[in-house]
Amino acid sequence: DAGVTQSPTHLIKTRGQQVTLRCSPKSGHDTVSWYQQALGQGPQFIFQYYEEEERQRGNFPDRFSGHQFPNYSSELNVNALLLGDSALYLCASSLVGQPYEQYFGPGTRLTVT
Amino acid sequence: DAKTTQPPSMDCAEGRAANLPCNHSTISGNEYVYWYRQIHSQGPQYIIHGLKNNETNEMASLIITEDRKSSTLILPHATLRDTAVYYCIGGGSNYKLTFGKGTLLTVNP
C-alpha cells in the first residue's frame with residue numbers, strides 16, 4: 001500500500017520564477033492538504049482540496065494556487081517566487097470523514113535564490 | 001481551533017516512559033485533541049487522538065483530564081527512534097491542522 005508520494009524531492013528556483021509541486025495521496029484517500037514548513041517552525045496550512053475544489057485556505061497570498069485531479073492527486077503552484085518561499089512543502093492526504101487524521105508525504109525542499 | 005501550549009524540549013532515557021504534556025485550556029466541547037510527531041527530515045506522522053476518554057493504540061496512550069484543559073501523551077517504552085518533535089493540536093471544524101512549535105523529545109541511550 002503506497003503512502004503519500006511527492007515530487008520532486010528537491011528544487012532550486014530563482015526569484016520571480018514559477019514552480020509546480022506534485023502529490024499523490026495514500027491509496028483510498030480523497031482529500032489532499034498542503035503545508036509549508038520553514039526551518040525551525042511547525043508546518044503552516046496552505047489549503048485543502050476535496051472533490052477537485054479548494055475547501056479551506058490558510059493565510060497565504062494568491063500566488064499560491066492548487067489543483068486536484070479526478071484521481072485525487074494534486075499540484076501546488078507558486079508564482080513570482082520570493083526568497084521567503086524557500087521551505088519544505090508537505091502534502092498530506094486523508095479521508096473526507098476523518099479530516100484530522102492526515103498522512104504526510106516526505107515533502108519537497110524548495111530553495112529560492 | 002484551540003490554542004495549545006507545550007514545553008519546548010524534554011529528555012527521556014531509553015526504555016523509560018516518556019510523558020509529554022499539553023495545555024489546551026481553550027478547547028471547546030466538540031474539539032478533539034490530536035498528536036503528531038515529526039522525525040528529523042520526515043513529514044509529520046499521526047499518533048493518536050481523543051475527545052474525552054483515555055485512548056491507547058500501538059504507538060502511544062493519550063490521557064485527557066476530566067476538565068479537558070490538558071492532556072498527556074505517553075510513550076510507554078521510549079526508544080532512540082522516538083526522538084522527534086511532538087505536536088499537540090486541537091481539532092476544530094475547519095479541517096486544517098494548526099501546528100505550533102511542539103516539544104522536541106530527545107531519547108538518550
Side-chain angles (χ1 to χ4, degrees), chain A residues 2-7 9-10 21 23-26 29-51 53-60 64 66 68 87-109, chain B residues 1-9 20 22 24 27-52 55 57-60 62 64 71 73 84-106:
Chain A
V4 178
T5 59
Q6 293 186 243
S7 64
T9 54
H10 294 87
L21 311 181
C23 170
S24 290
K26 179 178 167 66
H29 283 183
D30 53 16
T31 302
V32 173
S33 302
W34 286 92
Y35 294 81
Q36 180 196 66
Q37 186 172 26
L39 210 58
Q41 304 294 319
Q44 300 300 304
F45 176 79
I46 302 175
F47 42 52
Q48 183 180 89
Y49 277 85
Y50 171 66
E51 290 189 334
E53 291 194 359
E54 185 181 290
R55 184 161 74 159
Q56 183 71 226
R57 189 178 182 92
N59 188 25
F60 279 81
F64 290 77
Q68 185 180 34
L88 181 67
Y89 288 85
L90 295 159
C91 169
S93 72
S94 57
L95 290 169
V96 66
Q98 298 173 312
Y100 291 99
E101 292 181 42
Q102 299 185 11
Y103 291 79
F104 284 77
T108 293
R109 172 71 61 187
Chain B
D1 292 343
K3 177 176 168 53
T4 60
T5 304
Q6 300 177 254
S9 63
L20 294 99
C22 177
H24 36 77
I27 200 167
S28 63
N30 62 348
E31 282 187 323
Y32 282 78
V33 178
Y34 287 79
W35 284 82
Y36 280 76
R37 73 179 183 184
Q38 188 171 23
I39 296 170
H40 184 61
S41 298
Q42 298 182 20
Q45 177 189 22
Y46 165 80
I47 301 173
I48 197 168
H49 72 277
L51 183 62
K52 294 181 183 178
E55 302 288 344
N57 64 18
E58 64 278 5
M59 290 184 66
L62 175 60
I64 303 174
S71 62
L73 179 75
V85 177
Y86 288 77
Y87 297 99
C88 167
I89 300 168
S93 60
N94 56 8
Y95 313 120
K96 66 179 182 179
L97 293 171
T98 301
F99 290 84
K101 292 193 174 181
T103 296
L104 173 59
L105 174 69
T106 302

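The two residues B/Y87 and A/P43 make their nearest non-hydrogen contact at OH-CD, 3.9 Å. In this structure, A/L90 and B/P44 approach most closely via the heavy-atom pair CD1-CD, 3.8 Å.
Note: B/Y34 and A/Y100 have tilted aromatic rings, judged against thresholds of 30 and 60 degrees for the angle between ring planes. In this pair, A/Y103 and B/Y46 present their aromatic rings tilted. The plane angle is within the 30 to 60° band.
Around atom CG of A/N59, no more than 12 heavy atoms belonging to other residues, nucleotides or ligands sit under 6.0 Å away.
The salt bridge (charged side-chain N to carboxylate O under 4.0 Å, His left out) search around A/R109 returns none, not counting sequence neighbours. B/Y86 is linked by a side-chain contact (heavy atoms from CB on, under 4.5 Å) to B/L20, B/W35, B/R37, B/I47, B/L73, B/L75, B/D82, B/A84, B/L105, counting only residues two or more places apart in sequence or in another chain.
Atom NE2 of residue B/H49 and atom CD of residue A/E101 lie 5.0 Å apart, to the nearest 0.5 angstrom.
Residue A/Q6: no heavy atom, backbone or side chain, is found under 4.5 Å from chain B. Heavy atoms closer than 4.5 Å to chain B are found in the side chain of A/Y35, but not in its backbone.
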